[in-house]
Amino acid sequence: MKNRELSRIFNEIADRLEIMGDNPFRIRAYRRAAINVEGLPKSIEDVPEKELSQIPGIGRDLAGKITEYLKTGKIRAYEELKSELPKELLALLSVPSLGPKTAQLLYKELHIKSLDELERFAAEHKLSGLRGIKEKTEENILKGIAMLKRGKERQPLGRVLPIADSILEHLKKSAPVKKIDIAGSLRRRKETIKDIDLLATSDRPNEVMEVFIQLQDVKEILVHGPTKSSVIIYEDLQVDLRVVEKESYGAALTYFTGSKAHNIRLREMAIRMGLKINEYGIFREKDNKKLGGEKEDDIYRVLGLPYIPPELREDQGEIEAALKGALPHLVTLKDMKGDLHVHSKWSDGSATFERLVEAAREQGYSYIAITDHSQGLAVARGLTVERLMEQKRELQAINKKLRGFRLLYGTEVDIRSDGSIDFPDSALKKLDTVVASIHSGFRQSRQQLTWRMVSAMKNPHVSIIAHPTGRLIGSRDAYELDMEEIFRVAKETGTALEINASPFRLDLNDTHAKRAKEMGVAMVISTDTHVTDQFGFMGYGVSIARRGWLEKSDVLNTLEPDKLLKKLKPHKAGRQSSH
DNA sequence: GCCGTTTTCGGCCCGACTGTTTTCAGTCG
């Protein structure tokens with residue numbers, strides 16, 4: 001997608017301008033534009049030229065640069081900038097504690113232009129003597145480079161959240177904290193996380209910090225102050241802990257939850273109203289009178305806004321919606337009534353039907369759909385038509401004995417490379433739900449893959465497309481698809497799209513979900529459970545849905561089974577299945 | 001470079017910690 005590429009270019013322009021010592025506000029403008037272009041819920045190519053400047057942070061100049069890029073594949077101003085500084089120099093900025101000012105100094109004074117050179121100079125103590133640099137700084141630079149080499153990438157939400165929870169529990173038990181919460185991008189439930197931000201209140205902040213830096217998990221202490229400390233844990237994640245007074249907790253929580261872009265918008269609003277916001281509260285500018293800050297809601301209330309849920313705080317229109325009283329009532333985990341993508345022992349799952357029913361009931365569900373793989377997917381022990389029908393008979397028998405719970409008859413049928421469906425219609429029509437998905441031929445062209453999906457959605461029996469883009473976070477990119485076309489056909493055919501809640505998929509992702517909703521597409525949130533523990537993934541899926549602004553009414557499996565089946569394709573009148 | 005219930009010019013978010021400084025710049029979030 002061009003969005004990501006443009007975003008990268010804008011960020012690189014910002015980096016280059018920063019090292020060159022350009023106007024900081026101009027630099028911020030490029031960074032803001034980068035964020036907004038990347039977070040755009042549709043491809044930048046689909047935005048009409050005249051509407052580009054309606055994107056927040058895009059004015060006349062940047063709209064022109066975007067158009068230039070889309071038309072010619074280049075931005076002349078960017079090409080010129082590239083000749084000013086060597087590309088490798090930019091890598092210096094990724095060293096923690098080394099910023100643009102230092103990079104400029106190193107380049108000007110010592111002609112250092114790459115990480116390797118920097119490492120050599122630092123190791124040979126050739127940096128000392130430069131203005132503001134002595135031994136300690138050299139040491140920090142070497143440490144930073146070592147850390148970079150170990151590779152500190154963003155990690156999946158599903159890996160980081162459990163770690164954060166366990167640190168939180170430990171601090172609750174062993175440190176004198178009154179309140180403690182997760183903040184930062186983790187609280188906003190971004191799909192990948194760079195560091196864990198924690199916020200606490202305490203009468204004895206120094207003691208809290210002592211406990212924190214001595215946690216068993218801690219590999220290295222980066223910063224240790226009375227109200228703020230940062231450490232690296234063995235899982236190669238940075239954890240920041242901030243302690244504030246009880247009276248400031250809400251303001252601090254807002255502040256440390258971010259996003260940065262959201263906070264800047266709030267502060268700009270405050271300034272226009274003669275107010276000031278910091279992590280200690282919201283104040284009247286003229287006499288510094290504190291108007292609130294103990295509760296997070298205080299900040300929004302004083303600004304005249306309703307409370308904005310963390311998942312929306314990305315400066316992607318939530319402030320405008322809040323001003324208009326048009327914030328969505330986001331779907332919650334409690335709204336979920338069932339799971340429509342579940343594998344059993346019959347294919348590549350590990351649980352029996354009975355065990356799945358038991359686990360699903362523990363989640364508070366009233367139904368699940370058994371959706372084992374189809375025959376073409378031999379690696380997953382896909383079912384033949386005969387086995388599929390045998391499975392249905394067995395499920396029917398169990399259903400007869402169940403009270404207040406229902407097993408739906410389904411399949412996760414393979415969409416073959418030629419776009420055909422791996423079961424005949426005669427079999428599909430005997431099921432309650434047909435979940436279709438792609439498992440092979442990922443490398444076909446965008447046109448071919450889109451066509452495959454469209455063909456599948458046009459099949460009258462296919463009710464849901466599972467993990468529509470096929471991406472695996474951190475290991476496999478989404479396959480090439482014309483998502484606008486997918487959403488259009490999904491709407492037209494009444495096919496639902498899945499938000500796959502597995503923390504390594506989260507597919508659709510948040511921006512796709514948001515766009516799908518805008519286009520009127522129905523969605524479901526499913527876990528793709530293979531072992532019963534994985535029903536617990538639902539929370540991740542709901543988080544993604546919330547980040548996509550989805551409400552209960554946008555998600556079909558918030559419905560009880562009878563109503564659900566009426567909404568699921570093929571919308572058979574008086575449709576009945578199990579009893 | 002963006003943006004407008006003060007403004008099409010002149011503003012642009014705010015504070016903690018570190019390492020280098022004898023009062024502060026740089027970095028980070």
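Sequence lines set the chain letters: A, B, ... in the order given, protein chains first and strands last, and positions in each chain run from 1.
- For A:Lys136, counting side-chain heavy atoms from C-beta on, the closest listed nucleotide (B:dA16, B:dT20, B:dC14) is B:dT20.
- B:dG15 and B:dC9 are spaced 29 Å apart, taking the C1' atom of each and rounding to whole Å.
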For A:Asp197 and A:Arg187, what are the C-alpha separation, side-chain angles and deciding distance, and is it a salt bridge (Lys or Arg N to Asp or Glu O under 4.0 Å)? CA-CA 9 Å; A:Asp197 293 300; A:Arg187 180 158 180 250; over 6 Å; no
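- A cation-pi arrangement is present between A:Arg313 and A:Tyr307 under the rule of less than 6.0 angstrom and at most 45 degrees off the ring axis.
- Counting only N and O atoms by type, the side chains of A:Glu138 and A:Ser128 include a donor and acceptor under 3.5 Å apart.
- Distance check on atom P: B:dT22 versus B:dG26 gives 14 Å, rounded to whole Å.
- Among the heavy atoms of the strands lying under 4.0 Å from A:Asn140 are primed sugar atoms or P, OP1, OP2 only; no base atom is included.
- Heavy atoms of A:Ile27 sit nowhere under 4.0 angstrom from any nucleic acid atom.
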Between protein and nucleotides 24-29 of chain B, map the contacts as a letter string: B base, S sugar-phosphate only, - none, heavy atoms under 4.0 Å, written 5' to 3'. --SSSB
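- Annotation: B:dA16 and B:dT21 have their P atoms spaced 24 Å apart (nearest Å).
- Among B:dC2, B:dC12, B:dA16, the nucleotide with an atom closest to any side-chain atom of A:Glu268 is B:dC12.
- Tested against A:Arg547, the residues A:Glu314, A:Glu311, A:Glu191 include a single side chain to side chain donor-acceptor pair (under 3.5 Å) partner, A:Glu314.
- Nearest nucleotide to the side chain of A:Phe25, out of B:dC12, B:dT20, B:dC17: B:dC12.
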